[in-house]
Each structure stands twice: as structure tokens, then as C-alpha cells.
There are 2 protein chains.
Amino acid sequence: MTNLKRIDINHLKVSCKQCNLRELCFPHGMNDDELTNMDAVVDQPQPLHKGDFLYRDGDENVAIYAVRSGCVKTMTESPNGEEQIVGFHLPGELLGLDGFGEGVHTCNALALETSSVCELPLEKLEHLCHELPGLQKQMRRIMGKEVASDHQLLLLLGKMTAEERLASFLLSLSSRMHERHWKENEFNLSMPRQDIANYLGMAVETVSRLFATFQSENIIQVDRRHITILDMPALKAIVGDCKKDK
Amino acid sequence: MTNLKRIDINHLKVSCKQCNLRELCFPHGMNDDELTNMDAVVDQPQPLHKGDFLYRDGDENVAIYAVRSGCVKTMTESPNGEEQIVGFHLPGELLGLDGFGEGVHTCNALALETSSVCELPLEKLEHLCHELPGLQKQMRRIMGKEVASDHQLLLLLGKMTAEERLASFLLSLSSRMHERHWKENEFNLSMPRQDIANYLGMAVETVSRLFATFQSENIIQVDRRHITILDMPALKAIVGDCKKDK
DNA sequence: CGCCGATTTGACTCAGATCAAGGTTTGTGG
DNA sequence: CCACAAACCTTGATCTGAGTCAAATCGGCG
């Protein structure tokens with residue numbers, strides 16, 4: 001198949017040095033020497049297709065991953081089979097920390113679209129942390145960020161109305177687009193409405209209705225998965241006005 | 001004041017070696033040598049009184065902490081001053097990881113009752129991780145646990161009904177009591193109803209009503225802050241039956 | 001004793017879930 | 001290239017779990 005060839009081309013290894021996501025990723029703040037070291041241990045497995053699992057709940061935690069392209073969602077599963085999406089990971093963002101506790105992953109990671117990842121094997125990580133002082137610190141940063149972002153989501157689920165949640169979600173995406181030097185007020189959603197609803201703890205219908213409302217108020221424009229933010233201040237006001245009392 | 005004297009007595013340093021919480025705490029799995037090393041770097045600051053902050057959102061992250069006695073709650077603050085409690089930390093549990101991202105704490109930590117903590121300064125931690133191979137691994141375990149427990153809470157807030165949340169909360173406390181070799185079906189809540197409600201994302205009145213319901217069904221007995229679990233299986237059934245379909 | 005904060009209880013309301021139905025886009029096989 | 005099926009998305013109507021408001025009760029404590 002000609003398709004195979006195309007995949008192989010995509011699969012040529014991209015070194016950390018060349019990667020334009022490096023400042024968001026493992027190598028943040030590293031010098032040239034350190035980058036060379038990183039390159040030596042980072043694997044780039046075959047790209048994931050839409051719906052492929054990167055890892056599953058219960059799998060041994062053998063590596064941490066950085067998304068290079070595409071988008072990967074992580075979700076926890078309740079005993080009854082219900083799932084809660086806990087994160088959407090964009091290029092440059094890391095995942096796999098959930099398995100650090102007992103050496104076993106505690107959630108599922110699944111590609112929302114064709115996605116490629118870099119893989120940093122844990123056994124090499126341990127060793128590398130001794131060599132590269134910067135990496136040890138960066139690992140801490142990464143975990144801190146993970147914890148902080150989980151806390152943000154807890155705040156969202158615990159205290160915000162549906163309207164505030166969706167606005168907050170859009171703003172988070174927007175600022176992450178900006179970090180990546182993409183347009184901050186125009187982007188495509190990689191996830192279906194169902195996933196947005198699940199992530200934000202509400203029903204699909206509510207997501208759909210709120211998109212319609214925001215659009216009618218000229219705050220955003222929605223065309224299927226394509227979002228244009230027309231009135232950023234209005235969006236921020238929605239989140240900021242959760243409760244102006246106190 | 002005679003009070004001062006009493007505090008000083010409490011404040012005699014307890015070494016990790018003697019501490020009966022050590023297997024839940026930093027020193028998990030360490031040998032005698034390693035324990036001696038830990039003792040050398042762990043500080044034990046003055047006990048906190050009820051309502052004292054251990055650290056605040058925005059403070060520089062200088063250490064991680066282990067609760068030795070009492071109970072400490074951590075909460076994030078929204079831009080509007082609303083707060084969401086993200087954890088209640090019992091003796092042997094750690095906190096302070098939230099500051100790892102940018103070196104600044106992203107939440108508040110406050111004592112719910114008179115509490116003492118052990119303090120592991122970050123600057124010493126870095127160095128110590130090189131000396132003690134066990135500690136590096138343990139730090140990862142700790143972070144993994146933090147992430148996993150945040151994910152559990154996300155699942156709770158995103159997908160469970162009020163009834164399931166409260167049952168789940170009681171079960172979590174119970175199993176943590178058990179880990180500490182305390183009674184697993186009889187314990188005191190260190191937090192007011194208001195804090196339980198906040199943590200579980202609901203109104204105080206709902207907490208109050210659900211306690212009453214559970215009591216009338218002979219699942220638990222409630223006397224002010226004192227809880228007795230009468231029917232553990234029933235409590236588990238409430239959580240497990242979120243949705244038995246699928 | 002009397003005040004104050006914490007908790008409980010009751011009555012009412014509403015944000016958002018659920019149920020139902022129709023429309024649109026994408027992919028697949030013939 | 002078309003027909004058909006399967007996702008995916010939207011919109012309307014209805015229902016309800018839990019929030020809000022209000023008021024009583026309890027428990028400490030100066």
C-alpha cells in the first residue's frame with residue numbers, strides 16, 4: 001500500500017534539537033549537550049491511529065510520553081465501566097505520570113486522531129536524571145504542572161456552572177494554541193462533543209446548546225469542529241463572573 | 001504561659017526510625033542507613049493550630065510536607081475567591097507537590113485542627129535523591145499517588161450523584177483509617193460539614209440530609225463528628241451501583 | 001444565661017439531565 | 001458514483017436531583 005510508505009516518511013525520527021516543541025517538552029531549558037543526550041534515549045514509536053490506545057489502565061508503566069502531533073485523551077474508568085476524561089493532550093504535552101504510584105497505569109490513553117508520540121523509557125530516565133541535572137528539575141516541573149492542572153479541573157467540576165465550564169475549556173484551548181504559536185482565536189477541536197461533555201461533566205445536549213448560545217451572542221463562531229473566538233473578553237468575563245460577591 | 005511548655009514537649013523531634021507512620025511516608029521501604037540520612041534532613045517545625053496556614057497560594061515552594069498528626073486541607077482558589085478543597089491530608093500523607101511546576105504553590109494548605117508536620121526542604125531533597133536511590137523512587141511513587149487520587153476525585157465530581165459521592169468519601173476515609181491501624185468503621189471527622197460539601201461539590205444541606213438518610217437506613221450512625229459505619233457492604237453497593245448497565 | 005457558629009429540616013425552584021426526534025457528515029461496499 | 005449505515009450533532013419538550021432560601025435547633029463557651 002502506498003499508505004505504508006507515507007507513514008514511514010512521517011516516521012523519520014525528529015530529534016529534540018530540531019523539534020519546535022522542545023521548549024514545551026522534556027528538553028525545556030536544556031543546552032546543546034543535554035539535547036544530544038536526550039535524543040539518544042527518546043524513542044519514536046509508530047504513529048497511533050484514531051482510536052488506538054497508547055496505554056491502558058493496568059498496563060505496566062514503562063515510559064512517559066510526549067505528544068508530537070495529533071491529540072491524545074486520558075480517562076479514568078470507574079468500577080462500573082463509566083469513564084471520566086481527565087485530560088486532552090496537545091503536541092508538546094506529556095502523559096503517563098499516572099502510573100508512577102505503583103508502576104502500573106491507572107488510566108487509559110487513546111488517540112483522538114492520527115497522532116505521533118515520543119517515548120522516554122523509565123529505566124533510561126532514572127539513569128539520565130543523574131547525568132542531566134536539568135532533567136531532574138524538569139521532571140519535577142512536569143509533575144507540578146500535572147497536579148496544578150488537575151486542580152484546575154477539580155475547581156471547574158466542583159464549582160462552575162455549565163456555561164462557565166465551557167467558556168473555561170475554550171479559553172484553556174486558546175491559550176495552549178497560543179503557547180504553540182498557533183492562532184489563539186481560531187482552531188479545530190480534535191474531540192467530538194461527547195468527549196467535551198464527558199470532560200466537563202455535563203450532557204452532550206448541554207454542550208451543543210451552549211455552543212449555540214455563545215454563537216448567538218457573537219462570542220464565538222462554530223462550524224462543526226472549527227471554532228473561532230470572536231469576543232475573547234466576553235469569554236473571560238463569563239469565567240470571571242462565577243460569583244463576583246465576597 | 002503554661003501552654004507554651006506543653007507545645008514544647010510536643011515539639012521534641014520524633015525520628016523517622018521511631019515513627020510508626022514511616023511506611024506510609026517518605027521513608028517507605030528504606031533500610032536503617034537510609035533512615036538515618038532522612039532524619040538528618042527532616043525538620044519538624046512548630047505545630048500548627050486550627051486555622052493556621054501551612055502555606056498559601058503564591059508562596060515560594062521551599063519544601064514538601066508530611067502530616068504527623070492532625071489534619072490539613074488543601075484548596076485551590078478561583079479568580080473570584082471561590083475555593084475548591086482538593087484534599088484532606090491525614091497523618092503519614094504528603095503535601096506540597098502543587099508547587100513543583102513553577103516553584104510557587106498553587107493552592108492553600110490549612111490545618112483543620114492542631115496538627116504537626118515534618119518538613120523536607122527541597123534544596124536538601126535534590127541532593128538526597130542522589131545519595132538515596134530509594135528516595136528518588138519513593139518521590140515518584142508519591143507523585144503518582146497524588147495524580148491517581150486527583151483522578152479519582154475527578155471521577156467523583158464528574159460522574160457521581162451526591163449519594164455516591166458521600167458514600168465514596170466515607171469509604172475512602174475508612175480505608176485510610178485502616179491503613180493507619182485505626183478502627184475502620186468508627187472515626188471522627190476532622191472537618192465541618194461545610195468542608196465536606198465543598199470537597200464533594202455539593203451544598204451543606206445535601207450533606208446533612210444524606211447523613212440523615214444513611215442513618216435512617218442503618219448504614220451509618222452519626223453523632224456530630226463521630227461516624228460509625230454499621231453496614232460496610234451497603235456503602236460499597238451505593239458506590240458500585242453508579243450504573244450497573246453496560 | 002445568652003450569644004454565635006454549626007447543623008438540621010422544610011418548602012420551593014431551577015439548571016441541566018433525560019427522552020425523543022430529526023438532520024448532517026463520513027465512511028464503506030457495490 | 002451512489003446507496004446505505006453509522007456516527008455525530010442539534011433542537012425541542014419534559015422531568016428531577018440537588019441547590020437555594022428560610023427558619024428552627026443544637027452545642028460550646030465566655
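Numbered from 1 within each chain, the chains take letters A, B, ... in sequence-line order.
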Just to confirm, is there a sub-4.0 Å distance from OP1 or OP2 of D/dT10 to any side-chain nitrogen or oxygen of A/R193? yes

Check the distance between C/dT7's C1' and B/I227's CD1 and give it to me in whole angstrom. 13 Å

Once you round it to whole Å, what is the distance between P of C/dA6 and CG of B/D223? 18 Å

Treating B/R165 as the side-chain partner and B/L200 as the backbone partner, does any N or O pair qualify as donor plus acceptor under 3.5 Å? yes

Rounded interatomic separation in angstrom, taking CZ from A/R224 and P from C/dT24: 11 Å

Output the rounded distance in Å from CE (B/M191) to C1' (C/dT7). 16 Å

Just by modelled atom types, is the A/S208 backbone N or O under 3.5 Å from a matching donor or acceptor in the A/R193 side chain? no

What parts of residues 205-219 of chain B reach DNA chain D, counting only heavy atoms under 4.0 Å away? B/E205, B/T206, B/R209

Separation of A/I196 atom CD1 from D/dC8 atom C1', in whole Å? 12 Å

Would you check if the side chain of A/S168 reaches a backbone N or O of A/V239 as a donor-acceptor pair within less than 3.5 Å? no

Measure the distance from CG on A/N198 to C1' on C/dA17 and round it to the nearest whole Å. 15 Å

Whether the A/E186 and A/H226 side chains hold a donor-acceptor pair (N or O, under 3.5 Å, no angle test) is what I'd like checked. yes

Whole-Å distance between D/dC8 P and A/N188 CG? 16 Å

Do B/D195 side-chain atoms and B/P192 backbone N/O form a donor-acceptor pair below 3.5 Å? no

Can you give me the bend angle of the helix from C/dC1-D/dG30 to C/dA21-D/dT10? Use the axis through the first five pairs and the one through the last five, nearest 10 degrees. 30°

Okay, side chain of A/T213, backbone of A/R209: is any donor-acceptor separation there less than 3.5 Å? yes

Give one of base, sugar-phosphate or nothing for B/R225, where a contact means two heavy atoms less than 4.0 Å apart. sugar-phosphate

Applying a 4.0 Å non-hydrogen cut-off, can you work out what A/A162 is touching in the nucleic acid: base, sugar-phosphate, or nothing? sugar-phosphate

Between the side chains of B/T76 and B/Q84, is a donor N or O closer than 3.5 angstrom to an acceptor N or O? no

Euclidean distance, atom CG of residue A/L200 to atom P of C/dA15 [Å, nearest integer]: 19 Å

Ring pair (Phe, Tyr, Trp, His ring centres under 6.0 Å) partners for A/Y199, two or more places apart: A/F88, A/F169

Between A/H105 and A/Y55, how do the two ring planes meet: parallel, tilted or perpendicular, split at 30° and 60°? parallel

